[in-house]
Structures are given as structure tokens and as C-alpha cells.
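All remarks here apply to the structure that follows.
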Amino acid sequence: SLGIHTPTPVQQQCVPPILAGRNVLGAAQTGSGKTAAFLLPILQRLSEDPFGIFALVLTPTRELACQISEQVQAFGASLPVRQCTVIGGVDMTTQSNQLDRLPHVVVATPGRLADLLKGSRPPRLHKVRFLVFDEADRLFDRSFAPDLHVILTSLPDSSERQTLLFSATMDKNMTQMEALGGKDLYKWKATRNSVVVETLDQRYLFMPEQVRPAYLYKLMDKLGPLHDDEDPEDENNQTFDENGAFVPRMRSVIIFVQRCSDCQLVYETLLNLKFQAVALHSRLSQRRRLAALGKFKDSRCRILVATDVASRGLDIPDVDMVVNYDIPRSVEAYVHRVGRTARAGRGGTSVSMITQYDVELVKAIETSTGSQMAAFPHVDEDDVLPVLNRVSTAVRTAKLNMHQNGFDERLQKLRERGKKSRKRSSKFIAEARKRSSRKKGRVE
């Protein structure tokens, strides 16, 4: 009913061992159908013996959790299946009430689920049959360790549940993942290294650090979506390169930025330059984050400026170009970023904006992916020089708007709140270990 007739390689290889009751670790390229590879066998087993809470799916970002929940509803529409999404930025009491009703599938981010487990009414997870780590390599980073400890101590023993681990990159944290999967772990990896798909056209644009915003403006002006005041049917909007060849417009573009403050600055700058854009980063409210993603998915807005919260797992089929405004600090981050385009056999383009400080990073990425980036031919210094003053004014105006709106103050408050939360988690874990030690002593 969803138009899926032929399984992808990751589904062919991983669905049978999951149905056979084995723990599975699966690595495949972005857009290869990993979500269906673990959801379909889970729903098959659920249909045979329905009870809640049957499966727990953990993801690193809120947006990915919402997307997986939508896919649970789509794949399980004929059962029907009850699902619950547990993420930050949403009322905890409402989520706690939903968990009390014992939904079949819970999709959660580790932080919020750990907070609920430490509360006065912790959810009952002692009968969970499936534990899924989506984007597993990211979940085993140190930042998630305290929350994962709280969650794993609340679940049934590993012998009483199946553990499924999936990601596009599995080059780090393998020891932890294999230990969690146990001795009977079935491992399948589509490729030897963290490579990008063959349909992706990888390009680089070299520039001085100081004029990077101006290069971004010309890149969007020549290839990106239309300005607010432009008519898509107007023939004058067509672009030609220096050889007179037609350069097609990109229908949608994701611009990846490293930090939340820089993400907001690029977003505000593009608005001042009359581009249609939305921002997505962790310092926005959940309502604004979902609204921005919804606008971009529905093509009501053609440019998404985002941090790495949008780099993993999000399935937006019509992304024509990914721009790395900041070069990512790891190969895994690069693979996930450029994986937002050229999905499921489609074509796509990535442009990495390289400054004099990024050369070594780019060389490391090329070595690890086994592919070379070609120069981007449509923007050069002669294009940028006439617009430097205009872009500089837009950047200054954007910084002034951010200051007047108190963005930096809110950012500082959120950082302080995060420090307090981490201290509470550390205290909870220490107390749990003490209780476990006393219990072990009494048993002996």
C-alpha cells in the first residue's frame, strides 16, 4: 500500500536475522531504507503477540524521533499500532500520561526518557522485547553516556530482548556497540568505509575566511532558490555561466553550520538579503523547530540553515544541494550531511566552502571517503567583489537583530541549565550504583 515492492540490500540482509530472534548491527548508506529494516520485523512480531511497551527506539535528535514515529504509524496502520514520541521541548506530564497507557512502540531521545525514568512515575519498561539504536554511532558518544546508563538499567536483561543497532557510519564506538549486541550479534555492513553515494556530485569552493558570507550570497544568487521578489516563471531569472551555458536553479538547499549562534547569524543574514530561509538548531523551541522543518519539507521555504541536528536520518527527498558553510570536524559528520541529498538513487550536489584553515580537514575527508571533490565553477572572486559592501551590511544588521532579541543571553541561560542537568544525572547515577552495590552485598 505504500508502494514498496522490492527490498533494499540492508532490508534483504537484516530482516531475516531479526525475525529469527538475533541481535543485529547494520550499516548502510543514507537513504537505503534502514528504518524499514528494523520497523517491519518489529511490527511483524508485534502483530503475533501485541502488548505494550513492546519496542523502544532511541534516536539522537528530536526531528528524527518525530520522523520515525510517522513511519511507525504508516507501516503499522493496518494493525493498528499505538506509538508514543518522547522528546524534549514538549510537556513531560503529557508524555508521562501517554506512557502510562502502555503504547506498543516508544520512540525517544535519551535525555527526555532518562528524565522521565528519574521522575516520580517512571515508565514501565521491564517487558520491552526490542531495543533499537538508530544512528547508533552517535548515541554511543560520551555526551549520551549518563542517559543511556539510566535507560539500560531500567530495561530487561539482554537475554530477554533483542538489540538492533543501525547507522550510515560505523567507524567509531564499535566496541561498545558489539558489547551491547552480545556474542550472537549478526553484523552486516554495506561498505568497507564511510563512503558517499555514487550519484552525489561533490564540489568545493575555495575562499578567504573573511568573505565567506559574500561567497554564500553569490552561490545562492546564482544556483539557489529564488529571492522573495522574484517570479519563478520569469525568463530573466535564468542563469548562465561564463561560457554561456544554462545553469539550472536548485529547488531546495540545506546549508550546514557548525554552531547555533553562527546558524542564527547566517539565517538572519539571508533574510536581510531577501532570501526565503528557515533556521533549525537546538536553541530554538520545539514548536519552531518542527515548524521550520515542516515549511522546508512542504517547499514553502527553499533554504534550510541548520546545525548537525538536521544531518542524521531526516528523509527529505527533494533536496537538490547541500552546502557545508562550515567544514565538519569528522568524516562521519560529512557523510551524514551530504547524505541529505542524492537519496534513494536520485542525483544531488554538495558544495564545501573551504577557507585557508580547512585544507587539512578536506584532505582527511577525501582520504576517508575515497573520493575527490572537484572545483565549483560557477562562483569566483570577480562575482563576489561587487557585493562585498551589501553583504557586510546585511551581516552587521543580523548581529544587531540578534543582540536586540536577546539571542546570546538565551544561549547562555540554556548552557547553564544544561550544566545543572548533567550534574543531576551524575548524582542519580552515583546513587544508583551505590544501591546496586548494597544489593549485591546483601545477596552475597
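Basis for what follows: all heavy atoms, side chains included, without hydrogens, waters or symmetry-related copies. The first residue in the sequence is number 1, and the count goes up from there.
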By ring pair (Phe, Tyr, Trp, His ring centres under 6.0 Å) - contacts of Tyr325 (at least two apart): none

Over all atoms of both residues, closest heavy-atom pair of Thr61 and Thr59: O-OG1, 3.1 Å

Closest approach of Gly76 to Leu43 (non-hydrogen atoms, all atoms of both residues): N-CD1, 3.7 Å

Set of salt bridge (charged side-chain N to carboxylate O under 4.0 Å, His left out) partners for Asp358, sequence neighbours left out: none

Distance (rounded to the nearest 0.5 Å) between Asp141 CG and Glu332 CD: 9.0 Å

Steps toward side-chain contact (heavy atoms from CB on, under 4.5 Å) verdict (Val338, Asn324): CA-CA 8 Å; Val338 299; Asn324 286 306; 4.1 Å; yes

Salt bridge (charged side-chain N to carboxylate O under 4.0 Å, His left out) between Glu178 and Lys187, intermediate numbers included: CA-CA 9 Å; Glu178 291 176 350; Lys187 293 185 287 186; 3.1 Å; yes

Salt bridge (charged side-chain N to carboxylate O under 4.0 Å, His left out) partners of residues 31-53, not counting sequence neighbours, each pair once: Arg45-Glu48, Asp49-Arg129

Short side-chain to backbone donor-acceptor contact, Arg161 and Pro156, under 3.5 Å: yes

4.5 Å side-chain heavy-atom contact, Leu56 and Ile151: yes

Flag if over 12 foreign heavy atoms under 6.0 Å of OH, Tyr357: no

CZ (Arg124) with more than 12 external heavy atoms under 6.0 Å: no

N/O donor-acceptor pair under 3.5 Å between Arg112 side chain and Gly88 backbone: no

Contact list for residues 157-189, test ring pair (Phe, Tyr, Trp, His ring centres under 6.0 Å), sequence neighbours left out: Phe38-Phe166

Plane angle bin for Phe407 and His281 - parallel if under 30°, tilted between 30 and 60°, otherwise perpendicular: perpendicular

Nearest heavy-atom neighbours spanning Arg302 and Arg251: CD-O, 2.9 Å

Phe144 vs Arg138 side-chain heavy atoms within contact, under 4.5 Å: yes

Reference residue Gln202; test side chain to side chain donor-acceptor pair (under 3.5 Å); the match among Ser352, Ser350, Ser371: Ser371

Any pair counted as ring pair (Phe, Tyr, Trp, His ring centres under 6.0 Å), so long as it reaches residues 72-120, sequence neighbours left out: none

Spacing of CE belonging to Met177 relative to OG1 belonging to Thr163, to within rounding of 0.5 Å: 13.0 Å

Step-by-step side chain to side chain donor-acceptor pair (under 3.5 Å) determination, Ser252 to Asp318: CA-CA 7 Å; Ser252 59; Asp318 295 328; over 6 Å; no

Salt bridge (charged side-chain N to carboxylate O under 4.0 Å, His left out): pairs with one or both residues in residues 53-79, sequence neighbours excluded: Glu63-Arg289

Arg142, CZ atom: more than 12 neighbouring heavy atoms under 6.0 Å: no

Check: Ile18 and Phe130 side chains under 4.5 Å, non-hydrogen atoms: yes

Pair Arg312 + Asp137: basic N to acidic O under 4.0 Å: yes

Donor + acceptor pair across side chains of Asp157, Ser159 (<3.5 Å): yes

Side chain proximity check, Val106 to Val128, heavy atoms < 4.5 angstrom: no

